[in-house]
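Quick note on labels: first sequence line is chain A, next is B, and so on, each numbered from 1.
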Amino acid sequence: MAIKLYGLRLDVNMKNKFFTQKVLNVVSQIPRGATLTYKEVAAQAGSPNASRVVGSILKQNYDLSIPCHRVIRSDGKIGEYNRGAQKKKQLLKEEGAL
DNA sequence: TAGTTGACCGGAA
DNA sequence: ATTCCGGCCAACT
């Protein structure tokens, strides 16, 4: 559904490709040994309340050049991972991020 | 195009 | 410490 507001088309229920690109970019910039939370990534990408969406985006991404294992939950838990939560924990430990 | 689904978050019980 | 619940919003169907 599209809503017109002051000449702007706000598409409800439709994708925001800018957000997705920004998320991937932010995650790819996380240095070795550092971690960000899903919420922080969402904020960096311009949508502070879209932490859950960050997860679904990273879930879709299989590009190894994007270190999505460095994104963890704000409550201190590790969170999920494409190749298994154990693998994620192991990678972080190897980088000294734990 | 409308409805459903989560790699989440923060507060409440 | 641990579930439970409502809100969030791009992707999926």
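Taking every heavy atom of both residues into account, Ser28(A) and Ser65(A) meet most closely at CB-O, 4.5 Å. Across all their heavy atoms, Ala42(A) and Phe19(A) have their closest contact at O-CE1, 4.0 Å. Taking each heavy atom of Val41(A) and Val23(A) in turn, the nearest pair found is CG1-CG1, 4.0 Å. The two residues Asn82(A) and Leu58(A) make their nearest non-hydrogen contact at ND2-O, 4.0 Å.
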Please tabulate the protein-to-nucleotide N/O contacts below 3.5 Å involving nucleotides 5-9 of chain C, giving atom names and distances.
from   : atom 1 : to       : atom 2 : distance (Å)
dG7(C) : O6     : Arg52(A) : NH1    : 2.7
dC8(C) : N3     : Arg52(A) : NH1    : 3.4

Do any N or O atoms of the protein come closer than 3.5 Å to N or O atoms of nucleotides 11-13 of chain B, and which pairs are they?
none

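Under the side-chain contact (heavy atoms from CB on, under 4.5 Å) criterion, Ser56(A) pairs with Val53(A), sequence neighbours left out. Taking Gln44(A) as the reference, Val26(A) meet the side-chain contact (heavy atoms from CB on, under 4.5 Å) condition, with sequence neighbours excluded. For Arg70(A), the salt bridge (Lys or Arg N to Asp or Glu O under 4.0 Å) criterion is met by Glu95(A), not counting sequence neighbours. In terms of the side-chain contact (heavy atoms from CB on, under 4.5 Å) criterion, residue partners of Gln29(A) (sequence neighbours excluded) are, by chain and number, Asn25(A). Residues forming a salt bridge (Lys or Arg N to Asp or Glu O under 4.0 Å) with Lys77(A) (at least two apart in sequence, or on another chain): Asp75(A).
The CD1 atom of Ile30(A) lies 9.0 Å from the SG atom of Cys68(A); values are rounded to the nearest 0.5 Å. Distance OG/Ser51(A) to CZ/Arg73(A): 10.0 Å, rounded to 0.5 Å. For the atom pair CD of Gln90(A) and NZ of Lys93(A), the computed distance is 9.0 Å after rounding to the nearest 0.5 Å.
Shown for residues 58-73 of chain A: residues whose heavy atoms fall under 4.0 angstrom of DNA chain C, namely Gln60(A). Residues of residues 75-87 of chain A having a heavy atom closer than 4.0 Å to DNA chain B, listed by number: Glu80(A), Tyr81(A), Asn82(A). Remark: nothing in residues 25-37 of chain A comes within less than 4.0 Å of DNA chain C through any heavy atom.
Side-chain heavy-atom separations under 4.5 angstrom define the hydrophobic clusters, and the remaining members of the one that includes Tyr81(A) are Leu91(A).
The stretch residues 43-61 of chain A participates, sequence neighbours left out, in no salt bridge (charged side-chain N to carboxylate O under 4.0 Å, His left out) pair at all.
Phosphate contact (OP1/OP2 of dG6(B), side-chain N/O of Ser56(A), threshold under 4.0 Å): absent.
Between Tyr38(A) atom OH and dA11(C) atom C1' there is a gap of 16 Å when expressed in whole angstrom units.
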Query raised in the report: Please walk me through it: do Leu92(A) and Ile72(A) pass side-chain contact (heavy atoms from CB on, under 4.5 Å)?
Result: CA-CA 10 Å; Leu92(A) 290 173; Ile72(A) 64 176; 4.0 Å; yes
